[in-house]
Amino acid sequence: MTVHPSAASIASTDDVICVEDLKVSFYTDLGIVRALNGVSFNIPRGKVLGVVGESGCGKSITGLSIMQLVHGAGRTEGGRILFREFADRDPVDILTFGKNSSEMRAIRGNNISMIFQEPMSSLNPCYSVGNQIEEAILLHQTDDKLEAARRAIEILTKVGMPNPDRIAKSYPHELSGGMRQRAMIAMALSCNPTLLIADEPTTALDVTTEANILDLMRGLQSEIGTSIMFITHNMGVVAQMCDEVAVMYLGRVVERATVDDIFYDPKHPYTIALLQSIPRLGRSKGRLASIEGTVPDPYSRVEGCAFHLRCPAKIDGVCDVTVPEEIVVDAAKGHTVRCHLYS
Amino acid sequence: MLNYIARRLINMVVLLVVVSFVGFFIIQLPPGSILDVQLQRFRQMSGDISREQVRALEERYGVNDPFMTKYWKWISRSVQGDFGTSFETDQSVGDRIWGRLGFSVSLSTFALLFTWLVSIPIGVYSATHRYTVPDYIITFIQFVGLAIPGFLLALVLLIIATRLFNHQVGRLFSPEFIDAPWSFARVVDMAKHVWIAVLVLAMGATAGLTRIMRANLLDVLNMQYVQTARAKGLDEVVVIWKHAVRNAIQPLVMALGTLLPALIVGETLVAQVLSLPTIGPMYLSALRSQDMYLAGTILVILSALLLIGNLIGDLLLAWVDPRVRLD
Amino acid sequence: MATDATQLPTSKAAATEDVGQIPQWQLMVRRFRRSKLSVSGLYVLIVLYVFMIFSDFLAPYDHNRLDSNYAWAPPSVIGFENGQLVTYKLKQTLDQVRFEWFYEPDLSAPLPIQFFVQGYEYRFLGIIPSRLHLFGVEEGYQINIIGADKDGKDVFSRLMKGSQVSLTLGFIGVIVSVIIGSIVGTASGYFAGAVDNFIQRLIELLRSFPDVPLFLALAAALPMGVPVEVRFFLITLIIALIGWTGLAREVRGKVMSYRASDYTAAAVAAGASHWHIITRHLIPNSLSHIIVVGTLAIPGAIGSETALSYLGLGILPPAVSWGVMLRDAQTIEAITSYPWMLIPVGVLIITVLSFYLLGDGVRDAVDPYA
Amino acid sequence: MTTDDMLLEVRGLKKHFPIRSGLLRRVTGTVKAVDGINFHIKKGETLGLVGESGCGKSTAGRALLRLHEPTAGEVIFNDPELGKVDVTKADRDLLLKLRPNMQIIFQDPFTSLNPRLTVGQIVGEPLEIQKRASGTELKDRVAELLKEVGIRPENMSRYPHAFSGGQRQRIGIARALALNPKLIVCDEPVSALDVSIQAQVLNLLDELQEKYGLSYLFVGHDLSVIEHISDRVAVMYVGYIVEMARTDKLYFSPKHPYTEALLNAIPKADPRLRHRPERLQGDVPSPANPPSGCYFHPRCKYAKDICKAERPPLVDIGDEHFVACHFAQELSLTGVQPLNEIKLEIPAHKKSTKA
């Protein structure tokens, strides 16, 4: 398969991250799982990119790949991840660094940080919240312990903790889910990263807490100017949070557009079907349009377009044979789609 | 916390009473008593003993008392610190036990330290190098360590020490130090003798704990907070030792409480082979000669050690893991 | 009508067999097979147990047959002469200084090894009387393929006879303790409340005794002078009595989690009886766990029997077990001068090791994520 | 026989769990998971029970089926043969007769099917328990049930591990259908599923309801899903129902401040509807240690003194709209705005290229 750098993925100086044709496979006892089959997208500086898709589409793996945190059985088998810390610097290819190399560690937590889905298990139960935030500050920013403690409390205040001094001394199990996620955000933002990767940060939270966390992230994002890669499966969250969206299906980005275009002018049948199938608040009752079938099991390899097995607009002899290339629908807005209907 | 300790202590006292009762019952089960052995000896020495003499002895040892009376005599005196008189040697049970128990406890403590010092790093290595050749080798050695009887290892080490280094091991001290007062030289002498025992005692436990450590660490390494620590940019060494090991070590801490008494009694066989003056061989001979006060006392003391050990383990766990709230 | 959710092909390269049809236990067998070490452990155990079944047939002599001419005789030299396997008569000389017997094979006096010979009488599998033995030599001489002990008893014959105790006692003890532990644990976990409370107190009490001393005390309380079979039975009981508490606790934990599961709730919602839930959902799911705990407990139980017998509190002579045989190997002199006395120890280690490897493999197969 | 269209009436249902602590492990408190709730379900109707985690909605669903033994209250079920029966007081025999009419489907499709049984055994189990069928008859019935939920009957001999989450959920539904129930408690049946699968399962539930006249108690936390499936909705907060009304009423003109806050918090799937209304601060209180008066008062922006002192009862403010708020009549709250209908269609390919 030939690689065509798409319009969107031409490494513009405005992009913090430019992922090109990323391929990751997992070698398990039961077979090979091709998690990413050539993922390409970019994250513009100071913007929020939403990465949406159903479970198994590879969205989390993409996030972990940027951090070089894919574990044991997973192997990166191709592609580039270009990271440009400042607009006037040359980009570096993260994949050329070793997983535990000093270069990679200097980026992690400092230039690119990450928050995870489960606030209950993402903080170490044995150390106080303050200690865990200070750890990152001491690693990247200062050697002065008092200064680190001061900054930790400052950032805890910033994420809206009601009583930051007390929170800093408390242990994770003493905090509610929402508070823990705030602490995680504080930790991730403690070194003013260029990019924040948020892997379903609100999925495990209740709606009222989720709303607060989303407000907080949006507010801090516009204040600090950090770019965010926001991984989620919730279209509502995407609509509220993101500037741009990449829709993933089975290890590929199938559509990439601004958030308005995704919701008002979607092109890929999968994106359309996804939007149709969600029950929307305030919409009249009736049958939901659903996508037939299920996501193929991860060990199998689907020929042609991965979505053709469930696609209502499938073209026989085309979709089940050739993998569609990335097609630019609107160059100005950077709207691209991988679908034979538009070739 | 205090509430918890108080509750545990009350529970412990209740359990100890029941344990002493059941233990005493088991120990006096076998027919006959030490008295028969005693009388045998008297007969051999002085030919004949009168009925009165026998009765006097019976009276003294309370041999013909009903079970409850025997138990009561023993337990009421034990509580006052008087564990009765050993039939066999006519010595106070207390005196005999304390000296040996001291050796047993220090020996086991050394073994425990050794176990921890060895099993944690090896377990960590094994878990972080899973499915590599060294991991397989470590795993295999662990199983061999579990499978080899301690006394055999003691024998083999004994042979190596005597034949190769011409070094007299076994026993606790060189003859010139046995009755000597404590001094630096005596400690050095003890260390020279005791290393085999420590090594042998620690072997089985080390193999087991390494295995546990490996499994726990593998679990913990899958936890999200380990990933969080990596995402901060921490070096893998720090991730493992600061964030993962601290959490994986908890079952080992819990095992601490049970391990000490287990080691104390586990040395029985080894102590036999190495002729160590510890509590195990004493308990064994007391059982054999049906010296019920001695055996019963040792059994209850060991139970108390086990219960105290469990309590210490739980308290340590609360200290290591802030999530464990003892209320 | 609902659309068919299973109709779509999930894969073009469909597997040749339908993994979905394979029950869980078969998937476990497959996972087990992947662990080479565990599989070899299983094979070793199969060989050992086959030897045990045919032990009387394989042993040339009664385990207590004395022959002072063969005291401390080394393993027989086997040769091949005139088209048949032979061993040699021994020249016995006394070392006057060290007062030890020395043996040398008399290479001029071959003793043909006879096969399928008649020897002492035994009952195959405890039922069929027989005098048939695999091999032997001319009456009046002895073949000791792995040497003889201080009384000239054939170590190989004793090893074979001893396996009948050592390979079964611990095994049966664990089976009994597994049965007790499973029943008590299931009852405790399922009925909760007062039943659970009582059982938990009982277990707590039993576990307040350090196990080895309790074990020794119970063994010491066993009556002397009872037939071997009775003693065997009583020691088995002791092993079971001490072992069941740990298993009961684990089974209780498992049963409680299965009882709280949604599929159990679904059965309750359909009106299922306690019996239905226990037999349909709780026991089948706990079973694999019980087997794992049981398998891993066997080596410990074998070790316990050996230790007891070694200390003179377990199986007593004239009966023989590997533990009894160890008593002859407990001095430096025995090990250095008569190293073949260590062969039973070696066999014991291999047995225990194989059980550990087997148990480890079974555990990984049953619970691949633990 | 009754011709009443009421199927289930729940009155004052409570489920408390004891907390033990102190020296003697005495009961020192209770977790009031469900603390006296009233609602009813009519024949063929779906009642949505919505709330945040820990509000007691699942416990309520299970308590009325007596999967948890209720602490107090009545659950009056209108059985087609036995008439109105209080489920909480039924003895073993009566319960056995009542159970087939009240079934349940679960949230987690991976733990709700016994991994050791085949799909056929799982779906056939209720029939076996109730001795409704055996042998080939059982097999035929199971095949029929599987077809009903969109699973091919050939899958009967396969094990759950061979199925995806959505397929397993269908199997769970077939199991619940096996005894021809009148009422099914749906305990968050779609919250563990992917969106595309969620729609399939919701449609299936709709179809089955229509076909068999089923009533659902649909427990969930996703307000969009609840709105889609329910005729009426009850909102729970810390063990208590704070508002209950017809779906459109509850969503478009809520009367309880908590309902308002919940509706405002949902991220709307429309980028042009981005706004940041006032958010609810603080956390849901623990049911072991709830605040005084109205449990919602510490987080409520409209709270007055009376809210701290008195717990408002659930009262009917007309047209079957129940609210537990001292100021239900006075407050004017904002609900959901009718959504911009976005026209979406999958572009069809020219027919000529189709084979």
Side-chain angles (χ1 to χ4, degrees), chain B residues 11-12 15-16 18-19 22-23 25-31 136 139-140 142-144 146-152 155-156 158-159 162-163 204 211 215 218-219 222 258 261-262 264-266 268-269 272-273 279-280 283-284 286-288 290 295-296 298-299 302-307 309-310, chain C residues 36-38 41 201-202 204-224 296 299-300 302-303 306-308 310-313 322-323 326 329-336 342 345-346 348-360 363-364 369-370:
Chain B
N11 194 25
M12 233 173 85
L15 275 175
L16 270 180
V18 186
V19 161
V22 177
F25 176 76
I26 294 169
I27 280 162
Q28 60 79 50
L29 268 185
Y136 287 126
T139 305
F140 192 76
Q142 280 161 13
F143 283 124
V144 174
L146 284 173
I148 291 184
F151 85 94
L152 183 73
L155 270 179
V156 171
L158 215 55
I159 292 166
T162 12
R163 292 286 156 94
R211 197 90 197 122
L218 284 174
D219 276 354
N222 282 325
T258 46
I264 290 175
V265 292
T268 311
L269 277 174
Q272 291 278 88
V273 171
I279 200 92
Y283 177 65
L284 202 63
L287 282 177
R288 284 217 186 96
Q290 292 170 21
I298 296 176
L299 184 59
L302 292 176
S303 301
L305 277 179
L306 181 69
L307 292 170
N310 283 341
Chain C
K36 298 272 177 299
L37 267 181
S38 306
R201 293 299 107 176
L202 182 68
E204 192 182 351
L205 172 67
L206 281 173
R207 289 182 83 93
S208 305
F209 285 102
D211 49 4
V212 177
L214 180 64
F215 197 66
L216 295 176
L218 286 171
L222 293 182
M224 299 283 169
L296 284 170
I302 291 178
T306 312
L308 273 191
Y310 172 80
L311 290 172
L313 294 170
W322 293 347
L326 294 193
Q330 61 171 320
T331 57
I332 296 187
E333 295 73 46
I335 294 182
T336 47
L342 275 180
V345 188
L348 175 76
I349 293 173
I350 289 171
T351 309
V352 171
L353 184 62
S354 301
F355 268 115
Y356 274 125
L357 293 175
L358 172 73
D360 198 54
R363 182 184 50 210
D364 286 352
Y369 307 107

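Nothing here was measured: the structure is a model prediction, and the numbers come from that model. The chains referred to below are lettered A, B, ... by the order of the sequence lines, with proteins before strands, and numbering in each begins at 1.
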**Asked** What are the two closest non-hydrogen atoms of C/L214 and B/L299, and how far apart are they?
**Response**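 Closest heavy-atom pair between C/L214 and B/L299: N-CD1, 4.2 Å.
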_Minimum heavy-atom distance between B/L306 and C/P210, given as atom pair plus value_ =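 Looking at all heavy atoms of both residues, the shortest contact is CD2-N, 3.8 Å.
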Engaged part of [X] at the chain B interface, taking heavy atoms whose separation is under 4.5 Å:
| X | value |
| --- | --- |
| C/F355 | neither |
| C/L37 | side chain |
| C/L313 | side chain |
| C/L206 | neither |

Which value, rounded to the nearest 0.5 Å, describes the distance between [X] atom [atom1] and [Y] atom [atom2]?
| X | Y | atom1 | atom2 | answer |
| --- | --- | --- | --- | --- |
| C/L353 | B/Q142 | CG | CD | 11.5 Å |
| C/L218 | B/L287 | CG | CG | 10.0 Å |
| C/L311 | B/R288 | CG | CZ | 6.0 Å |
| C/S38 | B/F143 | OG | CZ | 7.5 Å |

Heavy-atom proximity to chain C below 4.5 Å, by part of B/I148: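 The answer is both parts of B/I148.
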Please name all residues satisfying side-chain hydrogen bond (donor to acceptor under 3.5 Å, both in side chains) with C/R207, sequence neighbours left out, ordered by chain then number.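 Residues passing side-chain hydrogen bond (donor to acceptor under 3.5 Å, both in side chains) with C/R207: C/T245.
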Worksheet item: For B/N222, what residues pass the side-chain hydrogen bond (donor to acceptor under 3.5 Å, both in side chains) criterion, not counting sequence neighbours?
Response: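 B/N222: no side-chain hydrogen bond (donor to acceptor under 3.5 Å, both in side chains) contacts found.
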**Prompt:** When C/S208 is tested against each of B/N310, B/L16, B/V22, B/V19 for side chain to side chain contact (heavy atoms under 4.5 Å, CB included), which residue passes?
**Reply:**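 So the option named by the test is B/V19.
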| message | Any side-chain to backbone donor/acceptor pair from C/Y356 onto B/A147? Under 3.5 Å, distance only. | response |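 It does not hold such a pair.
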| request: Take C/F209 and B/L302 through the side chain to side chain contact (heavy atoms under 4.5 Å, CB included) test and state the conclusion after the steps. | output: CA-CA 8 Å; C/F209 285 102; B/L302 292 176; over 6 Å; no
Between B/L146 and C/V352, does a side chain to side chain contact (heavy atoms under 4.5 Å, CB included) hold up when you go through it step by step? CA-CA 8 Å; B/L146 284 173; C/V352 171; over 6 Å; no
